[in-house]
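Here's the structure, in structure tokens; my notes come after.
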Amino acid sequence: MNKPTSKSTTPSTQTSLLVRGYEVVIGFETHAQLLTNSKIFSRAFTHFGAMPNTQACAVDLALPGALPVMNKRAVECAIRLGLALGSHVAHRSIFARKNYFYPDLPKGYQISQFEIPVVQGGEVSFLVGTQPKTVRLVRAHLEEDAGKSLHEDFVGMSGIDLNRAGTPLLEIVTEPDMRSSQEAVAYAKELHKIVTWIHVCDGNMQEGSFRCDANVSVRKPGAELGTRREIKNLNSFKFMQQAIDYEVLWQIEQLEDGNAIEQATVLFDPETGETRSMRTKEDAADYRYFPDPDLPPLVIAPEWIEEVRGSMPELPRAMVERFVSSYGLPEYDASTVTQSPQMASYFEATVKECGQAKLASNWIMGELSRKLNEDNTDIAHCPVSSHQLAELITNIAKGEISNNSGKVLLDALWSDPNAKISALIEIKGLKQVNDSGALEKLIDDVLAANADNVAQFKAGKEKAFNALIGQAMKASKGQANPQQLTELLKKKLS
Amino acid sequence: MSEIHHLSVAELSLALRNKELGAVEVATHFLKRVESDKLGSFLSHDPEITLKQAKASQERINQNQSGTLEGVPIAHKDVFVTKDFPSTAGSKMLEGYRSSFDATVVNKFALAGCVSLGKLNCDEFAMGSSNENSAYGPALNPWDSQKVPGGSSGGSAAAVSARLTPAATGTDTGGSIRQPASFCGITGIKPTYGRASRYGMIAYASSLDQAGPMAKDAMDCALLLGAMCGPDLDRDSTSLDIPAEDFTKNLGQSIKGLKIGLPKEFFGEGLDPQVKNALEGAKSVLTGLGAEFVSISLPKTELSIPVYYIIAPAEASSNLSRFDGVRYGHRAKEYSDLMEMYKKSRAEGFGAEVKKRIMTGAYVLSHGYYDAYYLQAQKIRRMIAEDFKIAFSQCDLIMGPVAPSTAWGLGEKTADPLSSYLADIFTLPASLAGLPAMSVPCGMSATPKPLPIGMQLIGNYVQESKLLNVAHQYQLQTDWHKMNPGESAGLTGGSK
Amino acid sequence: MALQPEDIRRIAHLARLELKEAEGSRMLAQINSFFEIVEQISAVDTKDIVPLAHPAELLREVQLRLREDKVSEFDERAAHQQSAPAVENGLFLVPRVVE
């Protein structure tokens with residue numbers, strides 16, 4: 001098994017990341033449920049939320065005589081992921097049995113991959129705030145999910161539902177390259193983005209489609225790796241950060257008190273904000289791995305890999321780089337606007353029509369996203385089309401309407417997507433006044449009516465200028481072109 | 001016409017198709033015999049189900065829609081799951097268990113038109129060589145009820161031998177079709193690994209288990225094998241993607257010039273002189289038919305014992321983990337928590353031999369021992385298979401004994417299970433290599449009570465036709481396979 | 001490599017088998033006599049030999065067959081649960097699983 005190197009080979013941690021003088025070392029194991037119709041080894045449904053044991057066939061229930069047959073789509077997902085992460089996709093990989101007893105594990109073993117996984121190496125690059133960071137991957141392998149134990153309704157008993165048993169998973173394992181909870185969460189978010197982007201996983205964390213285990217340890221800089229504890233089943237980014245932060249402090253306290261850290265598996269309790277050790281599994285589990293005799297080796301031909309490569313969408317990182325270079329967007333904007341393939345294509349469609357990349361990005365990241373959040377919906381269901389947004393932006397760019405008027409327009413379109421923009425501008429009187437003649441006249445009137453302010457300005461009070469602008473805007477019912485107004489007023493007062 | 005139960009599968013099939021016999025008549029006849037079974041060969045039967053199937057069969061015959069084996073009765077070893085009958089694998093762990101699906105092999109026979117007589121006794125989870133490890137009592141050898149019928153397909157062999165059924169399915173992991181066939185004087189064949197689907201066959205050792213037919217003679221086996229083999233690509237990932245074959249096609253070929261290898265390791269000291277004699281006799285017959293014998297070597301023959309008894313228990317220990325009392329099978333009545341439920345249910349449900357093999361298996365896979373035991377065994381396994389490859393460059397098929405002796409007495413080896421492991425020495429190598437192999441009756445021991453002796457024929461991969469051809473030609477010249485229990489010594493059964 | 005009673009206890013626990021004293025001792029003796037035979041294999045030189053996991057390999061290259069991602073197993077809960085020891089509302093009941 002690949003074990004992390006004892007001294008990390010990533011660049012030494014910035015002092016700013018140390019916690020009370022300790023370096024934090026984090027590695028992740030993420031289980032992503034794959035977007036397939038049927039299970040990895042059986043032909044039952046993989047839907048979430050079905051009545052108990054209605055999606056568990058003979059193979060999933062491990063009935064006597066049942067045998068596994070591999071799902072091609074699951075393998076394709078592995079290839080896609082491997083390509084997206086720059087990994088090596090193994091030509092030949094082996095399925096192995098991981099033997100242990102648990103009621104949600106019907107066969108008494110999990111079919112997984114041990115010595116030779118399907119995806120090897122790779123990396124994930126992302127920003128932590130504005131800092132770039134790369135986390136190296138050890139491997140990703142295919143395996144089957146277990147069922148669920150339900151405790152609530154049964155006194156002293158648990159109810160076992162095997163609908164989830166056999167759902168395909170990719171387990172993605174990193175090197176212990178992360179040095180803070182922020183880095184860890186940023187990694188998880190980027191990985192989440194990638195797997196949803198390439199349609200390998202639906203990313204629904206509440207439904208358990210994307211679950212992370214964090215291996216956390218601390219050490220004094222330059223020392224050997226500390227003993228790690230594993231925080232299992234983190235299925236929200238918020239909890240991830242909280243859990244790691246708590247665990248780090250807990251470990252530091254232990255060490256400061258002179259106690260050694262014992263390897264353990266812990267669970268995060270969102271109610272208390274604490275991690276606590278799970279009931280210890282007796283001795284370090286002996287899984288007795290051996291190659292599964294029911295499954296010959298998985299062979300992936302180079303032709304298949306190339307075929308999949310050809311069908312891959314442009315990956316998020318590549319798209320960010322392209323947006324920065326072709327559209328001249330700042331990295332932050334490019335990252336935000338590519339948070340999903342849908343948003344990225346909305347953006348590009350908008351820019352194609354109006355040619356205003358920065359404005360488009362501002363509007364999408366700003367007002368549009370705000371309204372989508374309010375309505376609890378996503379860009380795929382945005383009532384305002386990219387065509388309409390492009391028209392709106394064009395009007396602003398041409399000076400036809402002001403930015404603020406744009407917001408009013410967006411609101412109107414949101415509730416009435418069939419309205420025509422030109423009509424709305426008329427009806428709501430949003431048309432910006434750009435005519436210098438008209439503006440000059442307006443200014444003259446305002447100056448005449450606000451002699452005090454004029455005097456104050458001439459006496460050196462800058463604020464008086466703003467007051468005059470305010471008056472002028474009011475007089476124009478908000479329709480004066482602000483930039484022109486400012487220039488003309490300056491001229492008149494000089 | 002002889003009594004119905006003395007008819008072979010081939011003869012029954014013809015008679016039914018020609019409407020000389022009716023399906024219900026045939027089924028009823030065999031059911032009566034099953035009901036008076038004193039050999040412990042059947043674990044379950046259900047006349048209502050059998051007769052219903054027989055009636056449906058007759059309908060098809062009347063409509064001229066006969067399957068290849070329409071109306072022919074068959075019984076299945078209790079490791080094949082069936083919807084119509086309980087499936088116990090000879091274990092208390094699965095007492096009364098009802099499967100929601102039929103094994104592919106069972107389905108295939110049903111499609112061919114066979115009528116199920118019920119389920120047959122076997123060693124628990126197919127682990128054993130005497131059928132004494134069954135939780136439901138031993139099966140007895142029809143030739144001498146004080147003797148074992150062999151195992152693990154002991155019930156199958158006894159039932160066919162005593163003509164309680166014209167055909168039976170068995171499974172062979174380390175010799176479990178060949179050895180009981182030999183002990184009971186019937187014909188049985190284990191095809192190439194992967195030829196018959198393992199879907200619905202309660203797993204013992206996944207890389208070794210193979211289903212096969214057991215019947216009176218090679219012709220019958222050929223008919224049955226044809227019905228049961230074929231790719232099961234949808235359900236068994238180890239199923240060979242090689243089309244089903246008509247194994248009766250080449251039965252009539254001359255074996256003149258055929259080279260038959262005799263492994264010197266198979267004819268050493270431990271061989272019972274009576275077995276040796278019987279093989280000598282068979283050799284004469286085959287020579288008379290034009291075959292040529294060459295001496296070959298399978299140097300790792302003896303190593304096949306530790307190699308098999310590491311690999312099979314290892315796989316079994318994992319395959320049997322699903323029997324945990326959670327979703328089916330035996331659950332202990334009293335337990336204080338989950339751990340106790342597991343431990344008690346499994347301790348109560350499994351017999352001693354099964355527990356021992358689970359323990360051995362878990363041990364050889366456990367941390368620190370895997371390389372020295374399991375991995376090493378799998379490597380030697382390849383070397384054994386390579387030895388066969390070399391042998392098959394020198395001969396067309398291999399002949400030898402099935403077992404070092406004839407059937408032993410009930411209880412004789414139970415105190416020392418190791419001795420029954422050692423008796424597997426001749427059948428294990430072909431199992432490890434995945435090669436097809438069969439047992440053909442070739443003699444009887446003289447003293448004290450006559451007991452059958454079988455010869456083993458081992459072929460190269462997917463050469464079942466060749467094996468069956470040799471066996472059939474041999475059987476045209478001999479009567480050993482026609483003898484019935486109860487016919488006393490004095491019959492030499494030699495060549496005509 | 002003789003097993004000790006401690007090994008028997010450890011393995012029995014791994015395999016979830018409750019073994020009484022006498023049974024454990026008997027098993028220890030039998031397994032140890034079996035391992036005397038097993039020791040032969042350590043003398044065999046297997047350097048460069050690839051383990052034979054799938055016997056069909058010797059006939060032709062074995063590869064995992066991949067099936068289309070289609071659903072064809074539907075709800076058969078009642079049939080599948082007909083031999084279940086304890087079921088309630090479609091769930092298999094077991095003693096409380098403590099994490």
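- Taking 4.5 Å as the limit, some side-chain heavy atom of C:Leu59 sits within range of a side-chain heavy atom of B:Ile242.
- Taking 4.5 Å as the limit, every side-chain heavy atom of B:Lys356 sits out of range of all side-chain heavy atoms of C:Arg26.
- Using a 4.5 Å cut-off on side-chain heavy atoms (C-beta onward), B:Lys300 and C:Ile41 make no contact.
- With a 4.5 Å cut-off on side-chain heavy atoms, B:Arg382 and C:Glu57 count as touching.
- Look at B:Arg346 and C:Glu18 and you find no salt bridge, because none of the NZ, NE, NH1 or NH2 atoms lies under 4.0 Å from a carboxylate O.
- Between B:Tyr363 and C:Phe34, the ring centre distance reaches or exceeds 6.0 Å.
- For the pair C:Leu58 and B:Ala385, the tightest heavy-atom approach, listed with the atom from each and the gap, is CD1-CB, 3.4 Å.
- Classification of B:Glu348 and C:Lys20 as a salt-bridged pair fails, no side-chain N sitting under 4.0 Å from a carboxylate O.
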**Request:** Assess whether side chain to side chain contact (heavy atoms under 4.5 Å, CB included) is satisfied between B:Leu303 and C:Gln40, documenting all intermediate values.
**Result:** CA-CA 7 Å; B:Leu303 277 172; C:Gln40 293 173 52; 3.7 Å; yes
**Request:** I would like to know whether B:Met383 and C:Val44 meet side chain to side chain contact (heavy atoms under 4.5 Å, CB included); could you show each step before the answer?
**Result:** CA-CA 10 Å; B:Met383 295 167 87; C:Val44 181; 4.1 Å; yes
**Message:** One pair to check against side-chain hydrogen bond (donor to acceptor under 3.5 Å, both in side chains): C:Thr46 and B:Gln376. What are the steps and the verdict?
**Reply:** CA-CA 7 Å; C:Thr46 53; B:Gln376 180 74 343; 2.6 Å; yes
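- No donor-acceptor contact under 3.5 angstrom links the side chains of C:Glu76 and B:Ser100, judged on distance only.
- Contacts of C:Arg60 with chain B are made by side-chain atoms alone, with heavy-atom separations under 4.5 Å and no backbone atom involved.
- Under the 3.5 Å distance criterion, the side-chain polar atoms of C:Ser83 are left unmatched by any main-chain donor or acceptor of B:Tyr328.
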**Request:** Tell me, with the steps shown, if B:Met339 and C:Arg16 meet side chain to side chain contact (heavy atoms under 4.5 Å, CB included).
**Result:** CA-CA 8 Å; B:Met339 181 65 79; C:Arg16 298 297 186 263; 3.4 Å; yes
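- The closest side-chain heavy-atom distance from C:Pro55 to B:Leu432 is not below 4.5 Å.
- Side-chain contact between C:Ile11 and B:Ile358 is absent, with no heavy atoms from C-beta onward closer than 4.5 Å.
- When side chains are defined from C-beta on, C:Glu23 counts as touching B:Lys355, because their heavy atoms get closer than 4.5 Å.
- When every heavy atom of C:Ala53 is checked against every heavy atom of B:Ser207, the shortest pair comes out as O-CB, 3.8 Å.
- For the pair B:Met359 and C:Ile31, the tightest heavy-atom approach, listed with the atom from each and the gap, is CB-CD1, 4.0 Å.
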**Asked** After noting the C-alpha distance and the side-chain angles of C:Phe35 and B:Tyr373, does the key distance pass the side chain to side chain contact (heavy atoms under 4.5 Å, CB included) rule?
**Response** CA-CA 10 Å; C:Phe35 270 94; B:Tyr373 293 122; 3.7 Å; yes
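- In this structure, C:Arg65 and B:Asp241 approach most closely via the heavy-atom pair NH1-CB, 3.9 Å.
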